[in-house]
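Beneath this line is the structure, given in structure tokens, with notes to follow.
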Amino acid sequence: MPAAVPKPRRLVRSVKDYVNLGHNKVENHLKTQQSELKEELKPTDTVTYRIGQFLWTNFFGFVYHYVKSRFGRRHPYSAYPKQDDSGVYRIPPVASFALLSDWASDTEESDKVGRLAARYEPDYSIHLGDVYFVGTQKEVAANFLIPEASWPWGRCGSLALSGNHEMYSNGRAFFETLLPKMWIEQSGIRVVQKAGFFCLENDYWRVVGLDTGYTSVRNPVMEILRPPDCRLKDAQLHWLRDQVRLGNPEDRRGLLFLSHHPPFSVFREAFPEPARQLVSLLGAAKRPAAWIWGHEHRLIVYSGQPLSGEWPVHGRCIGHGGMPVELDEPADISPIVFRDDRIRTRLKRKNLGYNGFAYLRLDGPEALIQYVDLDNTLVYQEVLRIEEGAVVVEG
Ligand SMILES: [Fe+2]
């Protein structure tokens, strides 16, 4: 039985809390506890009460949640087909999307991006993962579910992918609290999202949401023995093969993949294993495709790159949804077609860029992508087109 959503209380967070945040699980769990303490204490509380709460929340709370999460079992994996639900959904030939990644930070910036995306009135909105700090029920509720939450619900549905931060708490709130609230309209009925991956399709495009989050975290001992590589689990691979029929060479529709983790990067560690698995699945159906991901907190448009050495993919990183936007220099600038390196502010001796989201509009064989910042400035736009089954960038 899914756990009940906790009584929602607004988390009080600032983007400053997130500057220099790493992928260290200890740090992220501690930050969640500190945030809860900040939320609980009132100015009228006595010193004794404050010390007691500090110990209880920061120390005991941290130890309890950290040990439970890091050494406890991950939430069971969920896969299609469920009864009457294959995870493959029909969308109209003209359909708009708000794509937000690394957005759920519950800050002034994420609120601004979320409310702006809602003004675009997208048919669908998709979160590409990472609910900060560790994806607890309270954090899911604060970003998506409480009345003041700023998640831009799509007119015809909203779906979510898991990042690594949801898995820092074993994915429990992702599967039990967030997914049951996500839905997509099919023939006038709201179908609830039942697994961490999905396929939306019309006669021209297939938008495939991949789950790379579930396998991005292991318990500390296993992480040393076998570092997580974000691989697609067997159940997801079987679904891609049998339900989506990804390897069908007669299917000439354009492929647009969405995931949290990057298969390619010139900034930080990338996770190429899912691309290798897809190449193997695609076989003769392997044609140039597009792939939008997050994880890195920046906006980058890459030129076509041969993933796994043989599969040309147009990659875009849109992890600038709600976290401090990183402006560090890449190791290699040559694959970058566009990057938003404008400085918005300076915090903790760091220059930070502009948060934003991607507005995607499918219209027959064309896909317009507009990259919009939190002030509603159109930062960059492009048109992707399907030519003989291959996704090409216009111009
Ligand atoms: Fe991430």
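In each ligand, atom 1 is the first atom listed, and ligand 1 is the first ligand listed. Quick note: numbers below take in every heavy atom, side chains included, and nothing from hydrogens, waters or symmetry partners.
Residue contacts to the Fe ion (ligand 1): S216 brings no N, O or S atom closer than 2.8 Å.
D130 contributes atom OD2 as its closest N/O/S atom to the Fe ion (ligand 1).
Considering P324, S14, S110 in turn, S110 is the only one that fulfils the side chain to side chain contact (heavy atoms under 4.5 Å, CB included) rule with S105.
Cation-pi check for R316 over Y302 is not met; the charged atom does not lie both under 6.0 angstrom from the ring centroid and within 45 degrees of its normal.
For the pair ND1 of H295 and NE2 of H260, the angle whose vertex sits at the Fe ion (ligand 1) is 90° to 10 degrees.
Between R206 and V244 there is a side-chain heavy-atom pair separated by less than 4.5 Å.
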All N/O donor-acceptor pairs, side-chain side in residues 387-395, below 3.5 Å, sequence neighbours left out:
{"unit_1": "E394", "atom_1": "OE2", "unit_2": "R385", "atom_2": "NE", "d": "3.0"}
{"unit_1": "E394", "atom_1": "OE2", "unit_2": "R385", "atom_2": "NH2", "d": "2.4"}

